[in-house]
> 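I'd like to ask some things about the structure below.
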Amino acid sequence: MSTTIIPTEMTFFSRFESDILSGKKTITIRDEAESYYVPGTTVDVSTYEEGRWFCRLNILTVDPIAFNDLNEFHAQQENMTLAELKAVIHDIYPGIEKLYVVNYALVK
Ligand SMILES: CC(=O)Nc1cc[nH]c(=O)n1
């Protein structure tokens with residue numbers, strides 16, 4: 001028998017907090033290690049740096065995306081330009097091509 005563990009927590013760099021709380025950032029792009037979020041579930045969100053809780057998010061979708069297929073729509077959903085998004089993702093996940101788009105909604 002296999003056991004499925006559903007994650008209930010997610011962290012973001014604190015620089016993203018205001019964009020998440022204002023609804024300007026509605027996706028996060030993660031690597032395979034963080035691709036296990038489950039649509040229909042809710043996660044508690046804390047800052048990566050301090051572990052300070054700041055909101056809850058409903059996970060809407062989790063879809064694979066190749067780094068080279070990131071586009072203007074992803075950038076818009078991240079509240080960045082596409083060049084900024086690619087630089088940020090390359091900085092966080094250097095050399096990783098296989099990524100996942102996690103689309104979420106703020107729990108109010
Ligand atoms: C902590 C952390 O990895 N945060 C990330 C990573 C990718 N995108 C994002 O919005 N936040």
Side-chain angles (χ1 to χ4, degrees):
M1 190 184 85
S2 66
T3 306
T4 304
I5 297 174
I6 297 178
T8 58
E9 297 182 359
M10 181 182 278
T11 61
F12 283 88
F13 295 110
S14 55
R15 66 182 186 270
F16 296 136
E17 177 179 354
S18 61
D19 278 358
I20 294 166
L21 294 178
S22 67
K24 291 178 182 169
K25 175 172 160 66
T26 59
I27 63 168
T28 182
I29 296 168
R30 302 293 168 124
D31 68 359
E32 183 130 42
E34 287 196 85
S35 64
Y36 45 77
Y37 294 102
V38 179
T41 66
T42 300
V43 294
D44 281 294
V45 177
S46 307
T47 60
Y48 175 77
E49 295 89 341
E50 310 95 358
R52 176 177 46 78
W53 182 95
F54 66 91
C55 72
R56 301 183 80 216
L57 298 176
N58 281 326
I59 305 298
L60 301 177
T61 55
V62 181
D63 294 306
I65 184 84
F67 179 86
N68 288 330
D69 291 335
L70 290 173
N71 61 38
E72 295 287 352
F73 186 53
H74 298 117
Q76 185 186 326
Q77 292 174 99
E78 288 267 14
N79 194 34
M80 296 180 200
T81 66
L82 183 54
E84 286 171 340
L85 175 60
K86 287 190 164 183
V88 165
I89 295 303
H90 185 261
D91 193 45
I92 299 172
Y93 304 120
I96 303 294
E97 176 67 14
K98 192 177 175 190
L99 298 162
Y100 294 82
V101 180
V102 180
N103 183 211
Y104 54 76
L106 186 65
V107 177
K108 297 195 175 164

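Owing to the predicted nature of the structure, the values given are computational and were not obtained by experimental measurement. Note that ligands are numbered from 1 as they come in the structure, with each ligand's atoms numbered from 1 the same way. Only heavy atoms go into these numbers, but all of them, side chains included; no hydrogens, no water, no symmetry mates.
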> Could you pull out the closest heavy-atom pair between K86 and N68, with the gap in Å?
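The pair with the smallest heavy-atom distance is NZ-O, 4.4 Å.
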> For L85, is there any backbone N or O sitting under 3.5 Å from a side-chain donor or acceptor partner on E78?
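Flag not set: sc E78 to bb L85 has no pair under 3.5 Å.
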> Main chain of R52, side chain of T47: is a donor-acceptor contact present, judged purely on distance under 3.5 Å?
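Present.
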> With a 3.5 Å distance limit and no angle check, can you tell me whether Y37 reaches the backbone of T42 through a side-chain donor-acceptor pair?
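Checked: no pair found.
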> Got the closest protein heavy atom to atom 9 (C) of ligand 1, with its distance?
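Protein heavy atom at minimum distance: T28 OG1, 3.0 Å.
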> With a cut-off of 6.0 Å (strictly less than), are more than 12 heavy atoms of other residues, nucleotides or ligands near CZ of F73?
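Not buried by this count: 12 neighbours or fewer within 6.0 Å.
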> Which of the numbered atoms in ligand 1 are below 4.0 angstrom from a heavy atom of K25?
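Reading through ligand 1 atom by atom, the close ones are 9 (C), 10 (O).
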> What atoms in ligand 1 come closer than 4.0 Å to a heavy atom of Y48?
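Close to Y48: 1 (C).
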> Taking 4.0 Å as the limit for heavy-atom contacts, which would you say applies to T11 with ligand 1: side chain only, backbone only, both, or neither?
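Both backbone and side chain.
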> Hey, which atoms in ligand 1 end up nearer than 4.0 Å to a heavy atom of F16?
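Answer, ordered by atom number: 9 (C), 10 (O), 11 (N).
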> Using every non-hydrogen atom in the two residues, find where I96 and F67 come nearest and quote the distance to one decimal.
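Closest approach of I96 to F67, heavy atoms only: O-CB, 3.9 Å.
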> Would you mind checking which non-hydrogen protein atom is closest to atom 2 (C) of ligand 1, with the distance to 0.1 Å?
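Closest protein heavy atom to atom 2 (C) of ligand 1: F13 CE1, 3.4 Å.
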> For the 3.5 Å polar cut-off, considering only N or O atoms, please tell me whether R30 and ligand 1 meet it.
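Between R30 and ligand 1 (N or O atoms, distance only) the closest approach is under 3.5 Å.
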> With a heavy-atom distance limit of 4.0 Å, tell me whether I29 approaches ligand 1 through its side chain, its backbone, both, or neither.
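Backbone only.
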> Answer yes or no: are there more than 12 heavy-atom neighbours, outside F54 itself, under 6.0 Å from its atom CZ?
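Atom CZ in F54 is packed in, count exceeds 12.
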> Using a strict cut-off of 4.0 Å, indicate which atoms of ligand 1 neighbour a heavy atom of I92.
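Those atoms are 6 (C), 7 (C).
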